[in-house]
Amino acid sequence: MLTPEEAEMLVDRRLPLQHAFDSENLVRDLLELGKRIRSDVHLHEISAEQGAFAEQITMPRWMQSKLKVMGIEKLYEHQGEAIQNIRQGRNVVICTKTASGKSLAYNIPIMEQLVADSDACALYLAPFKALVEDQYAHLQKWADPADEQANNFSVNGFSRFTVNGRQISAGILHGQRNVPELMRKDQASSLVFSEGRYWLTNVHYLHLILQGASSQTGKGPQLLRFLKNIRYVVIDELHQYSGLLGSKVSMILRRLRMLCERLGNKEVQFIACSATIANPKYLVEELTGKRGIKGFHEVSNAQTPMKKKDILMWNPGLSDDERKKRATVSDLYEILRTVYRGGRWPRIIIFSSSRGQAQLLSREVNMIVRTYLHECEELVTDERQELFLPYHAYLTQEVKEKTIQKLEQGEILGVVTTSALEVGIDVKCLDVCILLGYPGSQASFWQQAGRVGRSRDGVVIMMVQEEPLQQYFARHPKEFFELQPESAAINTMNPKLIKEHLVYAAHEQGGIVINAMNYVRSSALRKVVIEDNDQWQNVDGKLIYHGESPRYQPLFTMGDTYMVVTKNGWNEDILFQGVDGRSLIRDYHVDAVFLGSDNRTFYKVKWVNNKQRKVVVEPVRADYHTRGIVRDSIEIHDITNSLVTSDDETKANIGNIIVKRSTFGYKKVYNHGSMPPETVQLTNTYPVSFQTEAFWVMWDQEGKNATRGLLKELQEHELVTFEDLFEGSLHAVEHALASAIPAIVRCSMADFQHTSFYSGSALFGMPGMFFYDSQAGGGSGIVEVVAEKFGVLLEKAQQIISSCGCSDGCPSCIQLFHCEKQNEPLHKAGGLVLLDYLKVKFNVKSKES
């Protein structure tokens, strides 16, 4: 006799597996589908390649045995090159394609060292917790067979095991803010600190770990034990450390080096792994401060066995009434029906642009595919069995792990995800990758496309959205596939960051920083010390700190994060965690209705407990979900500095602004499209406000009149109102300047925000544009550099626009992928007129003159 629960556990929910995947037939069927529904489809083929294997890599016998157990008979050339250089003591950066065996290339020499030297330690750093978990799981494969282990021990997040008979302890260190006690992965942290020799953590938590170095009690001595014995520091997903995050991580790695060398450990080797970017060697040398004699050896151009991959750029055609393009999801459903036709059972990953979209699309895809399979009598499944599941950052770790497990065991056909699965989390069973839109960079595109075609041929479909940049790519597909990867840039001369982290370094080293000029450029260091001469004393090259002990700030001030919970008697069940303030007011405001991770249950928000940072919800029967209507307003808080212009027609200031983000209302979106969306206005919402640093330019009435005269000829020629022409021209200038900022300021687009308007309340109804720090509170130093280099930026913006041969503006000059106004209005010719005007006002001399 079995209980219903026991019977449920015994049900075999595995779906049919496809032992051979015929990608050619699928591509042919998809191309025929494209013709039938009049979609524009471009096929780009990547041929299969044979791997180049390394010759004569000397390996200890036990290592050869380990690799054989893992199913590895030979190593690739690039792996051999990396191993040999690491063994010889060089810093190495491995920049190769996804699934090219980067982790094996560094773990072989690391394990050799940990086995040979019982004190040696290694540190693994990743940008995300999920990647740390994944690498920790792979580390278990190095353990000797269970019957050979006498003292093995494992607890959640910590393992003690033997490799070649030598004991190695490895464990995860995670920050635990807003994670309930019962769900913590860090309960074994005391074991990791006390005996761990292989630490795995993320850069955000390493920053906080280092503050314990000066403590004589608690975990301080254990941290020093580890730092004295570090031999290797692995920096995974190097390409993620661009812009402000990379600049901050560069300071953390310098603090780590300072501590190690202060403890007499001068033999630390750095090993970095990166997806394809234009400048991996430059980036990692800036990041670690190791340029020069002890620079990095770059391993690239890996020739690994690669399966054939077909990439389809799919542009939906016109709807039946020939008036507008079909919705992307309409074509998606047709594609899925084609994919699962005629006994095909590939496993699919679908990348969406947002967490909310991933949730809802997962439900819709389930319904469409299940109905189709039932109609074709291909598969009769229990209605409760999900065929697709969502995967995104707000899901609990337990749910994410179960989802990947179900995918690998064949219990689901695929996942609908965000960029959370873009990083190198190892899922080998995927055959088809569908991207709902261009992800915004070449690095992201190839990372997402690289999720498929690992063990057999793969098919990638990028569904182009109706957005100017993506439509441009659809018209020029060859140009898209010939695009070079982006360069990553960081700023290690940022005085604000140096000032902040120099104080941290002093705290960690007992109040004295020795040989700081070995880690930070002397000119930047002198500037900081001179500005704060009451806190610093320079004695024989030693910087002695006399200020107060610092309060460690997180790398990014995300503000409070919330948990979404449902009550179950006295208990609470967690649906989502880590919800930030922006998502809170958009997706989880009072009366919001959203879909849970099970693809079935809708929940309604009853109340938001700001004190406990909880969103309390209850299940409801609903035929709709909601989308919050969010509005931002800018208010100038104060002016800290004004730039000198040639007259008073335009003014430029640096100061602090208050960005107020509030939920104006929400739209009821009916799940089956049977009714048009309804807009509901809200009156009882609480806005999210944050203060940040900004640089802004504004016109006064005289400047506005002068600009009217300059634009008069264009206005008469194009029969457009002055207001629309000015707004479109200013919008074009704003976009061109935003495109120029990352190159000049050395940051990423995500580090700053920008807006412009013809008539803004923040500027007393006058035209203007704002460039401001994305981080609450500011502090990145970006705004100051924008102001300082504004003349250079104007010149660069003019080059960006004028060098492009288009007539009305295109993604190569003034259209931006992330524009919240959908690149409307934009006026290229008017933008060039305004740039000439601003160059005069800011005394910029053209290079020709």
Side-chain angles (χ1 to χ4, degrees), residues 178-180 182-183 352-367 383-400 402-403 412 415-418 420 560-630 663 665-675 677-682 684-686 688:
N178 289 338
V179 179
L182 62 103
M183 297 181 65
S352 65
S353 60
S354 67
R355 302 177 186 97
Q357 186 187 29
Q359 288 281 160
L360 292 163
L361 189 61
S362 174
R363 177 176 182 269
E364 294 296 320
V365 167
N366 263 300
M367 294 167 62
E383 287 295 322
R384 293 172 299 171
Q385 179 167 1
E386 300 303 320
L387 302 178
F388 285 79
L389 285 173
Y391 187 106
H392 57 78
Y394 285 172
L395 296 171
T396 63
Q397 188 63 33
E398 183 183 12
V399 169
K400 286 190 280 192
K402 281 185 177 178
T403 299
I412 57 175
V415 291
V416 184
T417 185
T418 59
D560 293 333
T561 57
Y562 289 70
M563 282 191 299
V564 180
V565 300
T566 181
K567 295 284 185 181
N568 184 9
W570 289 101
N571 299 320
E572 290 178 346
D573 293 329
I574 299 173
L575 295 177
F576 302 134
Q577 61 186 27
V579 175
D580 60 33
R582 183 165 191 167
S583 296
L584 178 76
I585 64 170
R586 184 188 60 219
D587 302 325
Y588 305 107
H589 54 80
V590 173
D591 291 341
V593 174
F594 63 91
L595 180 65
S597 61
D598 63 356
N599 282 338
R600 292 185 185 85
T601 312
F602 281 88
Y603 295 89
K604 188 172 186 176
V605 177
K606 301 303 294 179
W607 58 291
V608 179
N609 186 330
N610 288 299
K611 191 171 184 180
Q612 294 184 348
R613 299 197 294 278
K614 288 180 182 176
V615 179
V616 181
V617 304
E618 66 179 15
V620 293
R621 294 178 67 87
D623 61 349
Y624 70 92
H625 61 276
T626 59
R627 288 182 188 162
I629 303 170
V630 178
T663 313
Y666 61 87
K667 283 188 177 181
K668 277 187 177 180
V669 182
Y670 290 90
N671 298 328
H672 300 291
S674 55
M675 296 171 61
E678 295 177 23
T679 300
V680 179
Q681 193 164 339
L682 285 173
N684 59 343
T685 60
Y686 298 94
V688 174

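Treat the numbers as computed from the prediction; the structure is a model and nothing was measured.
The CG atom of D587 lies 9.5 Å from the CZ atom of F576; values are rounded to the nearest 0.5 Å. To the nearest 0.5 Å, the span separating OG1 on T396 from CD1 on I574 amounts to 7.5 Å. With rounding to the nearest 0.5 angstrom, the CG atom of N366 is 9.5 Å from the CD atom of Q385. Distance check, rounded to the nearest 0.5 Å: CG of D623 to CE of M675 gives 8.0 Å. Rounding to the nearest 0.5 Å places OG of S597 at 8.0 Å from CG of L389.
Shown are R355, K400, Q359; of these, the side chain to side chain donor-acceptor pair (under 3.5 Å) with H392 is made only by Q359. Test V616, N610, N609 against Q612 for side-chain contact (heavy atoms from CB on, under 4.5 Å) and you get one pass: N609.
Take Y588 and apply the ring-ring contact (aromatic ring centres under 6.0 Å, His included) test, not counting sequence neighbours, and it matches F594. Residues passing the side chain to side chain donor-acceptor pair (under 3.5 Å) test with Q357, sequence neighbours excluded: S353. Annotation: side-chain contact (heavy atoms from CB on, under 4.5 Å) contacts of R627 (sequence neighbours excluded): H625, V669. For N599, the side chain to side chain donor-acceptor pair (under 3.5 Å) criterion is met by S362, E386, not counting sequence neighbours. Shown here are the salt bridge (Lys or Arg N to Asp or Glu O under 4.0 Å) partners of K606, two or more places apart in sequence or in another chain: E618. By the ring-ring contact (aromatic ring centres under 6.0 Å, His included) test, Y666 pairs with H589, sequence neighbours left out. In this view, E572 and K567, K614 satisfy the side chain to side chain donor-acceptor pair (under 3.5 Å) rule, not counting sequence neighbours. Every residue two or more places apart in sequence or in another chain that forms a side-chain contact (heavy atoms from CB on, under 4.5 Å) with N568 is listed here: D573. A search for side chain to side chain donor-acceptor pair (under 3.5 Å) contacts involving D591 returns nothing, not counting sequence neighbours. The ring-ring contact (aromatic ring centres under 6.0 Å, His included) test applied to Y391 returns no partner, not counting sequence neighbours. Residues satisfying the side-chain contact (heavy atoms from CB on, under 4.5 Å) test with A622, not counting sequence neighbours, are V593, F602, V620, Y624. Residues satisfying the salt bridge (Lys or Arg N to Asp or Glu O under 4.0 Å) test with K604, not counting sequence neighbours, are none.
Distance alone, capped at 3.5 Å, places no donor-acceptor pair between the Y670 side chain and the E678 backbone. For the pair S352 (side chain) and T417 (backbone), a donor-acceptor distance under 3.5 Å is present.
Taking every heavy atom of both residues into account, T418 and A358 meet most closely at CG2-CB, 4.3 Å. Taking all atoms of both residues into account, the shortest heavy-atom contact from T663 to L682 is CG2-CD1, 3.9 Å. In plain terms, the two heavy atoms of T403 and V415 that are nearest each other are CG2-CG1, 3.7 Å. Between T566 and P619, the closest heavy-atom pair is OG1-CD, 4.0 Å.
For the pair I412 and L387, the minimum side-chain heavy-atom distance is 4.5 Å or more.
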Evaluate side chain to side chain contact (heavy atoms under 4.5 Å, CB included) for V564 paired with Y603, printing each intermediate quantity in order. CA-CA 10 Å; V564 180; Y603 295 89; over 6 Å; no

